[in-house]
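What you are looking at is a predicted structure, and each value in this text was computed from that prediction instead of being measured.
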Amino acid sequence: MTAYWTTHAGPLGDLLLTCDATGALTSLTVPGAPGAKGLPTPGTVRDDAPFAEARHELDAYFAGDRDHFTLRLAPPPATDFRRRVWAALDAIPYGTTVSYGQLAASIGVGGPAVRAVGGAIGANPLLIVRPCHRVVGADGSLTGYAGGLERKTWLLSLERARSAVPAG
């Protein structure tokens, strides 16, 4: 089955997007992110067409005009635990943050499992779209982000600024 890739220029650099033959997004990485190395993978075809909606939604998000994504997603196979963590990431409201411990508690785990939650977050193949940037340290500090802390800071600042604007 053919898979596709493209790049998309944005305020965080050239994003690398991949999708499956149905057009469902399989990954979104930023320059220098772990996992971006070696992408696009052999057998994928460069084609911008399947990514029109992803480009539109990303541009609207970066402009502060979109607070959620409606893209079809098809991340690679994952364990049930990772899928639970990723679903919890998807549930974090725009413009807010949660700690790793809070995220772990939301899926019913705690203690040593918090490290495993961090590992599942680090394995998220859909940066920005699946908002792992909204997870912070227990003390509110910015910790770990595959795209780098500067990008995490930028994303959180964008969301906080938009969230602070009263509805008109």
Side-chain angles (χ1 to χ4, degrees), residues 3-20 23-41 44-76 82 85-100 102-103 117-137 139-168:
Y4 302 97
W5 69 274
T6 193
T7 57
H8 183 63
L12 302 178
D14 287 339
L15 305 176
L16 176 64
L17 294 84
T18 63
C19 73
D20 65 16
L25 200 61
T26 55
S27 72
L28 190 159
T29 59
V30 296
K37 191 178 221 177
L39 290 175
T41 57
T44 58
V45 175
R46 169 89 192 230
D47 187 352
D48 295 340
F51 300 96
E53 185 60 24
R55 290 171 182 279
H56 171 75
E57 289 194 18
L58 285 165
D59 287 346
Y61 171 82
F62 292 138
D65 296 330
R66 173 174 282 279
D67 62 8
H68 68 282
F69 294 92
T70 61
L71 301 168
R72 286 183 307 116
L73 307 178
R82 279 191 178 172
V85 171
W86 294 346
L89 287 174
D90 292 340
I92 302 170
Y94 181 92
T96 64
T97 58
V98 300
S99 70
Y100 288 89
Q102 289 170 316
L103 192 71
V117 167
I121 293 169
N124 171 22
L126 294 159
L127 299 183
I128 305 166
V129 173
R130 175 161 286 138
C132 55
H133 59 275
R134 296 180 189 153
V135 182
V136 298
D139 62 358
S141 62
L142 299 187
T143 61
Y145 182 62
L149 291 182
E150 286 181 17
R151 289 187 183 100
K152 183 172 188 162
T153 300
W154 190 92
L155 290 165
L156 291 174
S157 295
L158 169 74
E159 292 185 9
R160 286 181 182 138
R162 183 175 185 274
S163 295
V165 175

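The shortest distance between side-chain heavy atoms of Phe69 and Leu58 falls below 4.5 Å. For the pair Pro75 and Thr26, the minimum side-chain heavy-atom distance is 4.5 Å or more. A heavy-atom distance below 4.5 Å is not found between the side chains of Leu126 and Trp86. A 4.5 Å side-chain heavy-atom check between Phe51 and Leu28 finds every atom pair outside the cut-off.
Trp5 places no side-chain N or O within 3.5 Å of a backbone atom of Asp48 that could act as its donor or acceptor partner. Put simply, the side chain of Arg151 gets close to the backbone of Leu12: a donor and an acceptor are under 3.5 Å apart. Within the 3.5 Å criterion, the main-chain N or O of Gly95 finds no donor-acceptor partner in the side chain of Arg160. In terms of modelled atom types and a separation under 3.5 Å, the side chain of Lys152 and the main chain of Thr143 share a donor-acceptor contact. The backbone N or O of Ala3 sits nowhere less than 3.5 Å from a side-chain atom of Thr44 that would complete a donor-acceptor pair.
Remark: Phe62 engages Trp154 in a ring pair (Phe, Tyr, Trp, His ring centres under 6.0 Å) (not counting sequence neighbours). Residues forming a side chain to side chain contact (heavy atoms under 4.5 Å, CB included) with His56 (at least two apart in sequence, or on another chain): Glu53.
Taken to the nearest 0.5 Å, the CD1 atom of Ile121 stands 11.5 Å off from the CZ atom of Arg82. Rounding to the nearest 0.5 Å places OG1 of Thr7 at 8.5 Å from CG of Leu17. Atoms NE2 and OH, on His68 and Tyr61 in that order, are 13.0 Å from each other to the nearest 0.5 Å. One distance of note links CG of Asn124 with SG of Cys132; it measures 4.5 Å at 0.5 Å rounding. Annotation: the span from His8 atom NE2 to Asp14 atom CG amounts to 9.5 Å, rounded to 0.5 Å. Of the inter-residue distances, the one linking Leu15 atom CG with Ile128 atom CD1 reads 5.0 Å to the nearest 0.5 angstrom.
Shortest non-hydrogen contact noted between Gly137 and Ser99 is O-CB, 3.9 Å. The nearest pair of heavy atoms linking Asp47 to Thr6 is O-CB, 4.1 Å. In plain terms, the two heavy atoms of Leu103 and Ala88 that are nearest each other are CD1-CB, 3.5 Å.
Using a 4.0 Å cut-off between a side-chain N of Lys or Arg and a carboxylate O of Asp or Glu, Asp59 and Arg66 do not qualify as a salt bridge.
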Q | Derivation of the side chain to side chain contact (heavy atoms under 4.5 Å, CB included) call for Leu142 and Leu156 | A | CA-CA 10 Å; Leu142 299 187; Leu156 291 174; 3.5 Å; yes
Q) How far apart are the C-alpha atoms of Leu71 and Val129, what are their side-chain angles, what is the distance that settles it, and do they pass the side chain to side chain contact (heavy atoms under 4.5 Å, CB included) test? A) CA-CA 8 Å; Leu71 301 168; Val129 173; 4.2 Å; yes
Q | Evaluation steps, side chain to side chain contact (heavy atoms under 4.5 Å, CB included), between Leu89 and Val135 | A | CA-CA 8 Å; Leu89 287 174; Val135 182; 3.5 Å; yes
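Geometric assessment of Arg46 against the ring of Tyr4 yields a negative cation-pi assignment under the 6.0 Å and 45° thresholds.
Counting only residues at least two apart or in different chains, salt bridge (Lys or Arg N to Asp or Glu O under 4.0 Å) contacts with residues 117-137 comprise Asp90-Arg130, Arg134-Glu159.
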